[in-house]
Amino acid sequence: MSGVPRAAVPVAVLHERVLTWFDAQKRALPWRDGRTDAWGVLVSEVMLQQTPVVRVEPVWRAWMERWPTPAALAAEAPGEVVRAWGRLGYPRRALRLREAAVAVVRDHGGRVPDTEDALRGLPGVGAYTAAAVAAFAHGRRTVVVDTNVRRVLARAVQGRAQAAPALTAAETRVAAATVPADAATSVRWNVAVMELGAVLCRARGPRCAQCPLVDVCAWVAAGSPADDGPPRRGQAWHGTDRQIRGALVQVLRETSRSVPREHLVGRALESARLDPARHREQTDRCLAGLVEDGLVEPVRGGRFRLPA
DNA sequence: AAAGCGTGGAA
DNA sequence: TTTCCAAGCTT
């Protein structure tokens, strides 16, 4: 019936709705308690890269207790850092976070930088994390575009079920155009849109009934159509290098001593439920890759451990 | 620029 | 059971 495109929603309306919702509904997360310094924010942002909040929280608390400053982490052995990372996944992030701490001490007087450019120069810090830390730790006006922001804007503004597979220039423009001009408000907006995407405007099972944008959402107005894009490529898992690498590191995480190659490979394949006859060669290759990446260290006698 | 990189919970 | 996906980064 409606052949006439609905007028674009004024950004002021988006701001008012989302900020009001956020003030009332925001989750109490430890790195948002107002006492957390820039280091704590950086640690949280790196841990949150591709890892859900619920899994990050306890690890972040223990981490901040143990390494309350960049200098403290910089002085730690890489292996201990990988061990403390636990099962958050992508343990290279732990290595890079430690390298970032080293760079902060060496190049920035031990203080986490407050500009996006300087933050981008730190290992493991990309466009999202730099913008997030500059905003949430230093109160700067940045354009924070994460998967939540992309989904909210794709739906509310563009009327699509989900954002494109990769960040597009158009998306960045839309995001930039919605960030309030005032620095203090921009920070609240950035965190509020992310929160909305995480809590209500979820990838699966969006809670539109509770959303402050229901009546102005382009996607809802269009009848909440299903995604029309190409089907997503799910990550293969069983028998992949990724699974085997994870299993190898996990074996080493569980022991403080070095482990003979046979024992390491055998235990990893066992926990991965893979046939040693079929995956032995692949596992050896994965082990070499882990050594190459600095996640595993070979020691005398054909043994391996987390790097000292 | 597409692919590789962990993990576990929910649907 | 399988699939999807979660505050991305790097090469």
Side-chain angles (χ1 to χ4, degrees), chain A residues 26-27 29-32 40-60 82 85-97 99-100 119-137 142-152 161-169 175 187 190-199 201-206 226-227 229-253 268 271-273 285-286 289-290 292-296:
Chain A
K26 64 186 171 191
R27 294 168 294 178
L29 302 178
W31 44 87
R32 277 185 193 163
V41 173
L42 174 60
V43 171
S44 75
E45 291 300 342
V46 173
M47 287 183 173
L48 288 164
Q49 293 168 0
Q50 301 283 279
T51 303
V53 166
V54 285
R55 231 177 298 165
V56 165
E57 235 185 287
V59 181
W60 182 89
V82 170
W85 192 255
R87 311 211 54 151
L88 291 182
Y90 295 140
R92 291 197 285 200
R93 288 183 293 164
L95 246 33
R96 294 191 181 124
L97 182 53
E99 290 162 12
L119 286 160
R120 274 302 302 262
L122 300 175
V125 176
Y128 162 74
T129 304
V133 173
F136 307 146
T142 65
V143 180
V144 175
V145 186
D146 77 324
T147 185
N148 292 304
V149 174
R150 295 183 62 212
R151 186 173 52 253
V152 171
Q162 54 184 33
L167 183 63
T168 65
V187 171
N190 281 326
V191 65
V193 189
M194 288 177 61
E195 187 82 346
L196 185 71
V199 174
C201 195
R202 309 184 299 182
R204 286 182 298 184
D227 181 41
R232 304 249 168 173
R233 292 288 312 159
Q235 296 175 346
W237 178 246
H238 190 72
T240 60
D241 284 8
R242 207 181 294 204
Q243 181 193 19
I244 293 173
R245 286 170 56 104
L248 286 166
V249 171
Q250 179 56 17
V251 170
L252 296 180
R253 234 187 247 121
S271 73
R273 299 190 173 189
R285 187 161 46 69
C286 286
L290 288 168
E292 188 70 22
D293 293 343
L295 281 164
V296 173

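No hydrogens, no waters, no symmetry mates; every other heavy atom, side chains included, goes into these values. Letters A, B, ... are given to chains in the order of the sequence lines, protein chains preceding strands, and every chain is numbered from 1.
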For this session: Rounded off to whole Å, could you give me the CH2-to-C1' distance for the A:W237 and C:dC4 pair?
Result: 15 Å
Exercise. In terms of side-chain geometry, is the basic nitrogen of A:E57 or A:R27 positioned less than 4.0 Å from the acidic oxygen of its partner?
Worked result: no
Using residues 120-131 of chain A as the side-chain source, report each donor-acceptor pair under 3.5 Å to any protein atom, sequence neighbours left out, with the distance given to one decimal.
residue	atom	partner	partner atom	Å
A:Y128	OH	A:E45	OE1	2.6
A:T129	OG1	A:Q49	NE2	2.9

For this session: Could you list the residues that satisfy side-chain contact (heavy atoms from CB on, under 4.5 Å) with A:T168, not counting sequence neighbours?
Result: A:A164, A:A170, A:E171
Exercise. Quick one: is B:dT7 close enough that its OP1 or OP2 comes under 4.0 Å of any side-chain N or O from A:R253?
Worked result: yes
Problem set entry | Shortest non-hydrogen separation from A:W60 to A:P30 and the atoms involved | CZ3-CB, 3.5 Å
Protein N or O to nucleotides 1-4 of chain B N or O, pairs below 3.5 Å:
none

Exercise. What distance, rounded to whole Å, do you find between the two C1' atoms, one in C:dC4 and one in B:dG6?
Worked result: 15 Å
Exercise. Quick one: A:I244 CD1 to B:dC5 C1', roughly how many Å, whole number?
Worked result: 14 Å
Problem set entry | Inter-nucleotide P distance (B:dC5, C:dA7), Å rounded | 23 Å
Exercise. Where do A:R93 and A:E99 land on the salt bridge (Lys or Arg N to Asp or Glu O under 4.0 Å) test, with the steps shown first?
Worked result: CA-CA 10 Å; A:R93 288 183 293 164; A:E99 290 162 12; over 6 Å; no
Problem set entry | Option passing salt bridge (charged side-chain N to carboxylate O under 4.0 Å, His left out) with A:E195 (candidates A:R32, A:K26, A:R202) | A:R32
For this session: With C1' as the reference atom in both, quote the distance from B:dG9 to C:dC9 in angstrom, rounded to an integer.
Result: 24 Å
Exercise. Can you give one letter per nucleotide of nucleotides 5-11 of chain C, 5' to 3': B if a protein heavy atom sits under 4.0 Å from the base, S if only from the sugar-phosphate, - if neither?
Worked result: SBBBSS-
Problem set entry | Results of side-chain contact (heavy atoms from CB on, under 4.5 Å) for A:A137 - residues two or more places apart only | A:A38, A:V41, A:V133
Problem set entry | Pairs involving residues 235-247 of chain A, ordered by first then second residue, that meet salt bridge (Lys or Arg N to Asp or Glu O under 4.0 Å) (sequence neighbours left out) | A:D241-A:R285, A:R245-A:D293
